[in-house]
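Presented below is the structure to which this report refers.
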Number of protein chains: 2
Amino acid sequence: MSYVQRAEYGVRPASHVDEDDPLFVQAVARAMQVLSAFHDTGRPLSLNEIATASGMGRSAAQRVVHTLRQLGYVERDADDRGFVPGIRILDHTRDYLRLNPLVARASPVLLELRRNVRERVDLSLRDGLRLVYAARLQSKRETFFATLVGQSVPIYCTSGGRAVMAHLSDAEVDEIIERSERREITPKTITDPEGIRAKVREARQNGYALAMEEVLQGEVALAAAILAPDGTPLGAIHIAGSLSEWEPEGFCRRFAPLASEAAGALSRF
Amino acid sequence: MSYVQRAEYGVRPASHVDEDDPLFVQAVARAMQVLSAFHDTGRPLSLNEIATASGMGRSAAQRVVHTLRQLGYVERDADDRGFVPGIRILDHTRDYLRLNPLVARASPVLLELRRNVRERVDLSLRDGLRLVYAARLQSKRETFFATLVGQSVPIYCTSGGRAVMAHLSDAEVDEIIERSERREITPKTITDPEGIRAKVREARQNGYALAMEEVLQGEVALAAAILAPDGTPLGAIHIAGSLSEWEPEGFCRRFAPLASEAAGALSRF
DNA sequence: TACAAATGTATCGCTCAGCGATACTTTCCA
DNA sequence: TGGAAAGTATCGCTGAGCGATACATTTGTA
């Protein structure tokens with residue numbers, strides 16, 4: 001049985017979880033597996049479903065769910081039809097956001113950026129093969145989710161991902177391409193390795209990355225990478241708009257410098 | 001040893017965690033205790049600090065931290081000076097927000113509200129003695145945190161809390177007052193039971209609740225409760241502004257109907 | 001309305017996962 | 001350059017937690 005769990009996009013990076021590790025506590029992993037069972041569902045889960053999804057027996061799932069419930073990390077659904085994640089989870093969200101120096105420093109920068117850009121602005125952090133959204137400032141008309149902290153997108157086909165890859169070595173880029181489960185999220189998604197490498201080269205030249213309709217129809221997005229002092233890309237700042245309002249060239253001319261500037265401000269540690 | 005952990009404000013409600021519960025898995029609780037060790041810190045923690053904060057021995061903390069690290073729920077700090085929460089936490093954040101029907105339905109309502117209100121708009125959910133923020137749409141000038149999902153405030157002294165209490169029985173209100181660790185967060189915080197009850201009565205009459213500078217100097221906030229079909233208050237919608245720009249009466253006249261309308265829209269299930 | 005399927009809950013004896021103590025190694029200051 | 005503190009590793013004992021299973025309760029359907 002493997003404790004490595006599938007995330008929204010791609011698999012964990014250095015996840016050679018050694019099952020014979022003498023320091024590895026099975027029950028801890030099981031707790032997280034149970035919570036992770038909700039990654040792949042849109043509705044409350046039954047105990048059996050949790051057991052199946054997290055690859056453990058009914059009894060184990062029962063105990064773990066029971067314990068997590070006592071502690072507030074799992075709750076009964078509003079109409080008592082199944083289990084859902086509990087509100088206690090948000091306490092840890094807060095801790096993460098507070099203690100991540102990038103996120104902590106990002107708010108004023110993002111708000112300043114948003115003042116000049118009347119479009120959606122996002123901050124995302126790299127985690128292996130994906131970018132996880134840590135903050136979003138929505139645009140005026142957006143009818144979507146206002147806040148989708150925790151949402152993640154693949155690196156290989158997004159503006160933010162390309163901005164990140166632009167600051168990695170060719171070998172690392174190839175490894176990302178190789179290991180990513182590349183699929184056409186929209187008909188415009190670029191999935192062939194050479195196409196991706198070309199976009200990365202483009203990003204290296206421009207200092208920012210562009211993606212058009214590769215994740216969402218009608219959306220144009222550009223991004224600039226945030227770098228650690230040693231040059232490692234930690235994440236990206238994205239600006240996203242609608243192709244019904246923007247022509248790609250105009251969008252870049254107008255917003256690329258602003259995104260770069262904001263990302264630069266967050267890169268100085 | 002007690003597994004019940006202190007949250008940001010107040011203690012868990014029905015948290016008589018029976019230690020002799022045969023279904024209770026100690027190691028699962030320990031995992032969450034380790035993660036909760038970060039609740040009370042503003043910086044990375046050492047292993048010893050984690051052990052102390054979570055009330056377990058060095059060895060146990062070592063094993064749990066090790067395991068959580070393998071799984072991405074704990075990370076080494078950027079400059080390798082201690083442990084911090086890991087990005088995997090945000091995956092669960094997303095699950096919580098997605099699977100909470102209130103939050104899932106809230107986005108369009110909040111955005112619509114925000115369109116008419118150029119002030120800060122929040123959605124919070126009740127958890128025992130506190131309200132946990134699940135979404136925030138910042139105002140134009142706000143220089144704070146743009147997103148502070150997971151932040152929590154006490155019920156007894158906030159607009160949202162009063163809006164919630166207005167829909168509880170007197171006995172329940174008294175219990176909240178009694179069990180809350182009431183302290184003067186600002187000099188204006190109302191902490192005496194009768195004062196709080198008066199504000200709750202006021203909220204019942206008005207259909208919305210008001211709080212001035214009780215949590216933050218210079219801030220005026222009003223809120224309306226979101227109700228389950230059976231009338232139980234689940235949370236609140238808040239609108240917050242600055243006293244340097246608003247006179248309380250004008251603020252209420254202008255925004256109370258909008259907050260009520262939005263809360264009403266989310267109350268219809 | 002009655003039956004079957006599924007869901008949540010409870011019990012129990014066996015055993016190995018995980019406990020605590022402790023020792024080793026490295027890093028960081030003073 | 002010493003000493004304190006941090007992270008890592010090892011080990012034998014034992015009770016925490018394992019899986020199997022039975023029970024209770026709800027749900028959907030014929």
Side-chain angles (χ1 to χ4, degrees), chain A residues 1-3 14 16-34 37-38 41 43-71 73-86 99, chain B residues 1-3 14 16-34 37-38 41 43-71 73-86 99:
Chain A
M1 187 208 300
S2 171
Y3 296 109
H16 283 271
V17 175
D18 180 3
E19 311 270 318
D20 297 338
D21 182 342
L23 289 177
F24 194 86
V25 181
Q26 185 190 43
V28 169
R30 289 187 157 179
M32 305 329 273
Q33 282 177 279
V34 163
F38 296 104
T41 184
R43 52 172 183 76
L45 294 179
S46 77
L47 195 58
N48 285 311
E49 290 173 312
I50 291 176
T52 307
S54 48
M56 62 182 79
R58 266 173 61 81
S59 293
Q62 180 190 6
R63 280 190 297 273
V64 174
V65 167
H66 174 87
T67 308
L68 290 173
R69 199 133 82 100
Q70 298 282 323
L71 301 172
Y73 295 98
V74 166
E75 294 169 7
R76 217 77 230 298
D77 176 46
D79 17 89
D80 203 45
R81 295 184 153 281
F83 298 102
V84 291
L99 292 169
Chain B
M1 187 209 302
S2 170
Y3 296 109
H16 283 272
V17 174
D18 182 2
E19 312 270 319
D20 298 336
D21 181 342
L23 289 177
F24 195 85
V25 181
Q26 185 190 43
V28 169
R30 288 186 156 179
M32 305 329 272
Q33 282 177 278
V34 163
F38 296 104
T41 184
R43 52 173 184 75
L45 293 179
S46 77
L47 195 57
N48 284 310
E49 289 173 313
I50 291 176
T52 306
S54 50
M56 62 182 78
R58 268 174 61 80
S59 292
Q62 180 190 8
R63 279 189 297 273
V64 174
V65 166
H66 173 88
T67 309
L68 289 174
R69 199 132 84 99
Q70 298 282 323
L71 301 171
Y73 295 98
V74 167
E75 295 170 6
R76 218 75 231 298
D77 175 47
D79 16 89
D80 204 45
R81 296 184 153 281
F83 298 102
V84 291
L99 291 169

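Fair warning: this is a prediction, and the values are worked out from it, not measured in the lab. All chains are named by letter (A, B, ...) in the order of the sequence lines, taking the proteins before the strands, and each is independently numbered beginning at 1.
Between D/dG28 and A/Arg81, a contact under 4.0 Å exists linking OP1 or OP2 to a side-chain N or O. Between C/dA10 and A/Arg63, no contact under 4.0 Å exists linking OP1 or OP2 to a side-chain N or O. OP1 or OP2 of C/dC19 lies within a sub-4.0 Å distance of a side-chain N or O belonging to B/Arg30.
Across the protein-nucleic acid pair, B/Gln62 atom CD and D/dT10 atom C1' stand 10 Å apart, rounded to whole Å. Rounded to an integer number of Å, the gap from CZ of B/Arg58 to P of D/dT8 is 11 Å. To the nearest angstrom, C1' of D/dG17 lies 9 Å from CD of A/Gln26. Following rounding to the nearest Å, A/Leu45 (CG) and C/dG8 (C1') show an atom-to-atom distance of 15 Å. Rounded to a whole Å, the CD atom of A/Gln70 is 11 Å from the P atom of C/dT9. Nucleotide C/dT11 holds its P atom 9 Å from the CG atom of B/Leu23, rounded to whole Å. With rounding to whole Å, B/Asp77 atom CG is found 11 Å from D/dG7 atom P. Note: NE2 (B/His66) to C1' (C/dA17) measures 14 Å, nearest angstrom.
With rounding to the nearest 0.5 Å, the separation of CG in A/Leu45 from CG in B/Leu99 is 7.5 Å. Here the OG1 atom belonging to A/Thr67 is positioned 5.5 Å from the CZ atom belonging to B/Phe24, to the nearest 0.5 angstrom. The CZ atom of B/Arg43 sits 4.5 Å away from the CD atom of B/Glu49 when rounded to the nearest 0.5 Å.
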Report task. Verify side-chain contact (heavy atoms from CB on, under 4.5 Å) between B/Val28 and A/Arg30, making sure each step is shown before the conclusion. Result -> CA-CA 8 Å; B/Val28 169; A/Arg30 289 187 157 179; 5.7 Å; no
Report task. Evaluate the criterion side-chain contact (heavy atoms from CB on, under 4.5 Å) for residue pair B/Phe83 and B/Arg69; output intermediate values, then yes/no. Result -> CA-CA 9 Å; B/Phe83 298 102; B/Arg69 199 132 84 99; 3.6 Å; yes
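Heavy-atom nearest nucleotides on DNA chain D were determined for A/Asp79 and for A/Gly57, and the one closer to the 5' end corresponds to A/Gly57. If A/Leu47 and B/Ala27 are placed on DNA chain C by their nearest nucleotide, the residue sitting closer to the 5' end is A/Leu47.
For B/Arg76, whose side chain is taken as the heavy atoms from C-beta onward, the closest listed nucleotide among D/dA6, D/dT8, D/dG19 is D/dA6. Between C/dT9, D/dG7, D/dG19, one nucleotide has an atom nearer to the side chain of B/Phe83 than all others, and that is D/dG7.
When heavy atoms are screened at a 4.0 angstrom cut-off, A/Ser46 is found touching the sugar-phosphate backbone but no base atom.
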